**Q** 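I have a structure I would like to understand better, so I am pasting it below and will then ask my questions one at a time.
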Amino acid sequence: MALLTTFFAFLYHLPRVYQWLLKPYYVASLAMSVAFLVVRKTPGICEHLSSQREDGNSCDFDWREVEILMFLSAIVMMKNRRAITVEQHVGNLFLFSKVANVILFFRLDIRMGLLYLTLCIVFLMTCKPPLYMGPEYIKYFSDKTIDEELERDGRVTWIVEFFANWSPECQSFASIFADLSLKYNCAGLKFGKLDIGRYGEVSNKYKVSTSPLSKQLPTVVLFQGGKEVFRRPQIDKKGRAVAWSFTEENIIREFNLNELYQKSKKLSKGTGERSVEPEIPPVQEENEGEMEAQESKKDK
């Protein structure tokens, strides 16, 4: 049943996956993931490889290689049970495929194993997954602007994501947070992000660890009146992050976004402010404000 679910989910998202695979990062990842398969099956190369098959056919997998590939499949299925987005599914597949390739190449020939491991290290250091570049209604903070923005208007509720570009979890969550900002942003409810990997000094103030072992990235915090009200993931008494799934449904439920949105719309109407529609990009709003200010000066 799990295999059928994964298969149908893959078919559903196949057009989107196809677009990803056209990007250099995913093209290189795919090539490295199937490297051992290509070497083992390519005529002119596979004849010179060693094999433990009884028939001596060096152009086909032996029993130990089949075991390694079956073990890889089991690990990928277990990891993908907790995956949220298609990016995470594809990322898990690429990651463990490379690990399996390292083991298979070292088992085949230590020189080939060292060469492939070197390529993996170079790839890891030079190639980064493409960042989310889709539509969003999010204010990006720096270490000097976050406090000012959060405290500027006590009636405004802020939902802020602390993230790091090097974190795969943050990259997978980027599209979800962007979709939430498009659906729920209004004059009284705003969305913000701060790259805590870039502004590390902010981590102590807001108690977000940037260590990959802490599992605190991403961290989503609800601010009201400039003060923290709620956050996910929570931190236990030992300072460890409590496991939590960053799905859109969980964010909406735990942060009461539907209720907050309705209250924020009422606040906007009560104060005479116009509610900002999520589809309008921030640049347009700023340009309209500047034009109104210029017209008022001319009238004076």
Side-chain angles (χ1 to χ4, degrees), residues 79-89 91-92 129 131-132 134 136-143 146-147 149-151 154 156-186 188-264 278:
K79 294 293 291 185
N80 279 345
R81 290 178 61 184
R82 302 182 60 182
I84 303 171
T85 62
V86 181
E87 290 94 333
Q88 288 181 325
H89 284 277
N92 287 334
L131 301 177
Y132 176 79
E136 59 185 22
Y137 207 104
I138 297 174
K139 174 75 173 181
Y140 283 82
F141 300 128
S142 68
D143 55 342
I146 182 170
D147 294 333
E149 290 290 341
L150 294 179
E151 299 173 359
V156 176
T157 298
W158 281 93
I159 298 179
V160 180
E161 177 197 352
F162 296 92
F163 73 103
N165 285 328
W166 50 261
S167 170
E169 291 78 11
C170 294
Q171 294 167 1
S172 299
F173 182 63
S175 59
I176 297 176
F177 196 68
D179 289 340
L180 291 172
S181 72
L182 293 174
K183 295 176 182 178
Y184 291 98
N185 184 84
C186 62
L189 178 61
K190 297 183 180 296
F191 290 76
K193 294 181 71 170
L194 186 138
D195 187 352
I196 204 167
R198 180 180 180 184
Y199 304 106
E201 59 274 10
V202 183
S203 61
N204 292 329
K205 179 175 182 179
Y206 292 98
K207 300 178 181 179
V208 180
S209 174
T210 57
S211 171
L213 300 178
S214 69
K215 298 186 182 300
Q216 291 187 36
L217 293 175
T219 289
V220 181
V221 182
L222 175 69
F223 292 94
Q224 290 181 335
K227 297 181 180 180
E228 177 181 334
V229 177
F230 186 77
R231 76 162 57 197
R232 283 290 184 269
Q234 292 179 316
I235 308 300
D236 60 20
K237 296 180 179 180
K238 296 182 180 180
R240 295 176 299 187
V242 179
W244 196 71
S245 182
F246 281 89
T247 63
E248 182 172 336
E249 295 77 12
N250 284 347
I251 293 289
I252 293 174
R253 183 182 65 254
E254 296 288 331
F255 286 81
N256 294 322
L257 286 187
N258 291 321
E259 182 180 350
L260 282 175
Y261 182 64
Q262 294 301 324
K263 289 183 178 179
S264 299

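Keep in mind the model is a prediction, meaning the values are calculated, not measured.
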**Q** Using the six-membered ring wherever Trp is involved, compare the ring planes of Phe246 and Trp244 and label them parallel, tilted or perpendicular (cut-offs 30° and 60°).
**A**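 Because their plane-to-plane angle is over 60°, the rings of Phe246 and Trp244 count as perpendicular.
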
**Q** Would you call Phe177 and Glu248 a side-chain contact if the rule is heavy atoms closer than 4.5 Å?
**A**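 The answer is no; the side chains never approach within 4.5 Å.
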
**Q** When rounded to the nearest 0.5 angstrom, what is the spacing between NZ in Lys227 and CG in Leu222?
**A**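 Going from NZ on Lys227 over to CG on Leu222, the span is 14.0 Å.
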
**Q** Which pair of non-hydrogen atoms, one from Ser175 and one from Ser172, has the smallest distance, and what is that distance?
**A**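 The answer is OG-O, 3.7 Å.
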
**Q** Of the non-hydrogen atoms in Glu151 and Gly226, which two are nearest, and what is the gap between them?
**A**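 Taking Glu151 first and Gly226 second, the nearest heavy atoms are CG-CA, 4.2 Å.
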
**Q** Tell me if the centroids of the rings in Tyr206 and Phe223 come within less than 6.0 Å of each other.
**A**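 When the ring centroids of Tyr206 and Phe223 are compared, they turn out to be within the sub-6.0 Å range.
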
**Q** Taking side-chain hydrogen bond (donor to acceptor under 3.5 Å, both in side chains) as the test, write out the residues that go with Glu259, two or more places apart.
**A**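 Glu259: side-chain hydrogen bond (donor to acceptor under 3.5 Å, both in side chains) contacts with Lys263.
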
**Q** So how far is it from Arg198 CZ to Asn165 CG, rounded to the nearest 0.5 Å?
**A**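 It comes to 9.5 Å.
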
**Q** Taking the inter-plane angle between the rings of Phe163 and Tyr140 on a 0 to 90° scale, is it parallel (under 30°), tilted (30 to 60°) or perpendicular (over 60°)?
**A**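 Ring orientation, 0 to 90° scale: perpendicular.
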
**Q** How far apart are the closest heavy atoms of Gln216 and Pro233, and which atoms are they?
**A**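 Distance-wise, the nearest heavy atoms are CA-CG, 4.3 Å.
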
**Q** Are any of the side-chain heavy atoms of Val242 and Ile235 separated by less than 4.5 Å?
**A**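 No, their side chains stay 4.5 Å or more apart.
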
**Q** Checking side-chain contact (heavy atoms from CB on, under 4.5 Å) for the pair Val160/Leu150: CA distance, chi angles, key distance, verdict?
**A** CA-CA 10 Å; Val160 180; Leu150 294 179; 4.0 Å; yes

**Q** Hey, what do you get for CD1 (Ile146) to CH2 (Trp158), rounding to the nearest 0.5 Å?
**A**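 Rounded to the nearest 0.5 Å, the CD1-CH2 separation comes out at 9.5 Å.
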
**Q** Any salt bridge linking Asp147 with Lys205? Criterion: basic side-chain nitrogen under 4.0 Å from a carboxylate oxygen.
**A**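 Judged by the 4.0 Å cut-off on N to carboxylate O distance, Asp147 and Lys205 do form a salt bridge.
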
**Q** Search all heavy atoms of Arg253 against all heavy atoms of Asn250 and return the closest pair with its distance.
**A**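 Between these two residues, the closest heavy atoms are NH2-OD1, 2.7 Å.
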
**Q** Within the 4.5 Å heavy-atom criterion, are Leu180 and Ile251 side-chain neighbours or not?
**A**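 Yes. Closest side-chain heavy atoms under 4.5 Å.
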
**Q** Could you tell me the separation between the CG atom of Asn185 and the OG atom of Ser264, rounded to the nearest 0.5 Å?
**A**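 The CG atom of Asn185 sits 9.5 Å away from the OG atom of Ser264.
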
**Q** Considering only heavy atoms from C-beta outward, does the side chain of Ser142 approach that of Tyr199 to under 4.5 Å?
**A**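 Yes, side chains in contact.
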
**Q** Would you say the side chains of Asn258 and Tyr184 form a donor-acceptor pair under 3.5 Å?
**A**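 Short answer, yes.
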
**Q** Do Val220 and Ile159 come within less than 4.5 Å of each other through their side chains, counting heavy atoms only?
**A**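 The answer is yes; the side chains approach within 4.5 Å.
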
**Q** I'd like to check Leu257 versus Lys183 (side-chain heavy atoms, cut-off strictly below 4.5 Å). Are they in contact?
**A**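 No, their side chains stay 4.5 Å or more apart.
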
**Q** Out of curiosity, Lys190 NZ to Lys139 NZ, how far, rounded to the nearest 0.5 Å?
**A**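 The distance works out to 10.0 Å.
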
**Q** Do Arg232 and Glu161 meet the salt-bridge criterion of a basic N to acidic O distance under 4.0 Å?
**A**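 Between Arg232 and Glu161 there is no salt bridge, as every charged N stays at least 4.0 Å from the carboxylate O atoms.
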
**Q** Got a second to check how far Lys207's NZ is from Arg231's CZ, nearest 0.5 Å?
**A**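 Nearest 0.5 Å value for the NZ-CZ distance: 8.0 Å.
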
**Q** If you look at every heavy atom in Asp236 and Arg240, which pair is closest and at what distance?
**A**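 Closest approach of Asp236 to Arg240: OD1-N, 2.7 Å.
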
**Q** Are the aromatic ring centres of Phe191 and Tyr137 under 6.0 angstrom apart?
**A**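 So the answer is no for these two rings.
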
**Q** Which atom pair, heavy atoms only, marks the closest approach of Ala164 to Leu217?
**A**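 Shortest heavy-atom contact: CB-CD1, 3.9 Å.
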
**Q** Could you tell me which residues satisfy side chain to side chain contact (heavy atoms under 4.5 Å, CB included) with Asn204, sequence neighbours excluded, listed by chain and number?
**A**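 Listed in chain order: nothing, the list is empty.
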
